[in-house]
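Worksheet for the structure shown next.
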Amino acid sequence: MTPVPEITNQIRRLRFENGEISQQTLADRAGVTRQTILAIEANKYSPSLALAFRIARAFNRTVEEVFQFAPSPDGS
Amino acid sequence: MNRVQKMAWWTLTWAGIAFVSSGIAMTVMYFIKGFPAAYAGSAFLGLFGLAGLSPILFKKDPGRVGCDERDRLINHRAALAAFTTSYLVMGMACMIPFFVMGPNANISIIWGPLIFMAGGITCFVVHSVAILIQYGSDSRQETNA
């Protein structure tokens with residue numbers, strides 16, 4: 001069974017709300033590869049704190065507006 | 001597919017070519033001349049050295065970010081898997097003869113460099129496989145940009 005990701009994000013929604021910017025454009029702004037943006041959007045990779053800040057700044061948002069912490073049901 | 005994936009595929013391709021060609025050569029020579037002449041067929045393993053051309057063939061794109069924190073994490077995990085597997089292979093290669101043949105048996109000195117080569121090839125192959133596995137699931141979605 002696929003585990004529920006603890007860190008979720010709003011990157012895809014924010015990309016479209018900010019002029020439908022492409023993954024490549026966001027990657028260039030955040031200083032990472034497009035594959036990394038793709039992996040983060042798909043909740044397959046949790047970025048470092050520094051990268052989370054860079055992505056949030058690329059959208060002029062706070063980190064918590066872009067990334068959400070969803071603890072597992074057992075509270076761990 | 002990024003530069004690291006291309007380099008991994010290049011390495012695996014030459015590993016496959018080297019193993020298959022040396023296997024065929026040893027088989028053919030075994031039926032023609034038998035052992036030990038057939039061991040000469042293993043010289044085709046040298047083709048694996050062409051895997052070392054990958055940094056020259058797949059150059060970094062100067063205009064874009066070529067490697068970020070996720071790439072470094074993937075490479076770190078792949079290296080860990082590669083060195084662990086290599087250590088196990090070399091450990092088994094040293095210990096199995098000890099337990100099978102006993103502490104007073106003798107083996108040819110040629111096994112020294114052969115074990116070293118097996119450890120090296122294992123390291124490169126496992127590193128490439130681990131890289132491709134870790135990137136694998138993402139590459140299927142690359143058209144979703």
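Keep in mind that what you see is a predicted model, and the values were worked out from it rather than measured. Lettering follows sequence order; numbering is per chain, from 1.
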### Task
Give a yes or no on this: more than 12 heavy atoms of other residues, nucleotides or ligands lie within 6.0 Å of atom CD1 of B:Ile109.
no
### Message
For a 4.5 angstrom cut-off between non-hydrogen side-chain atoms, does A:Gln35 reach B:Met1?
### Response
no
### Query
Got more than 12 heavy atoms from elsewhere within 6.0 Å of CZ, A:Arg13?
yes
### Message
Would you say that more than 12 heavy atoms from the other residues, nucleotides or ligands in this model lie under 6.0 Å from the CZ of B:Phe31, or not?
### Response
no
#### Entry: A:Ile37 side, atom CD1; B:Asp68 side, atom CG - distance, nearest 0.5 Å
8.5 Å
### Message
Checking B:Arg70 against A:Lys44 for the side-chain contact (heavy atoms from CB on, under 4.5 Å) test, could you report, in this order, the C-alpha distance in whole Å, the side-chain angles of both residues, the deciding distance, and whether it holds?
### Response
CA-CA 11 Å; B:Arg70 178 168 162 269; A:Lys44 290 183 175 177; over 6 Å; no
### Heavy atoms from other residues, nucleotides or ligands near CZ of A:Phe59 exceed 12 (cutoff 6.0 Å)
yes
### Query
Between B:Glu69 (side chain) and A:Pro47 (backbone), is there a donor-acceptor pair under 3.5 Å?
no
### Verdict with reasoning, A:Thr33 to B:Asp71, per side-chain contact (heavy atoms from CB on, under 4.5 Å)
CA-CA 9 Å; A:Thr33 62; B:Asp71 298 311; 3.7 Å; yes
### Message
Could you check whether atom CZ of A:Phe53 has more than 12 heavy atoms from other residues, nucleotides or ligands sitting under 6.0 Å from it?
### Response
no
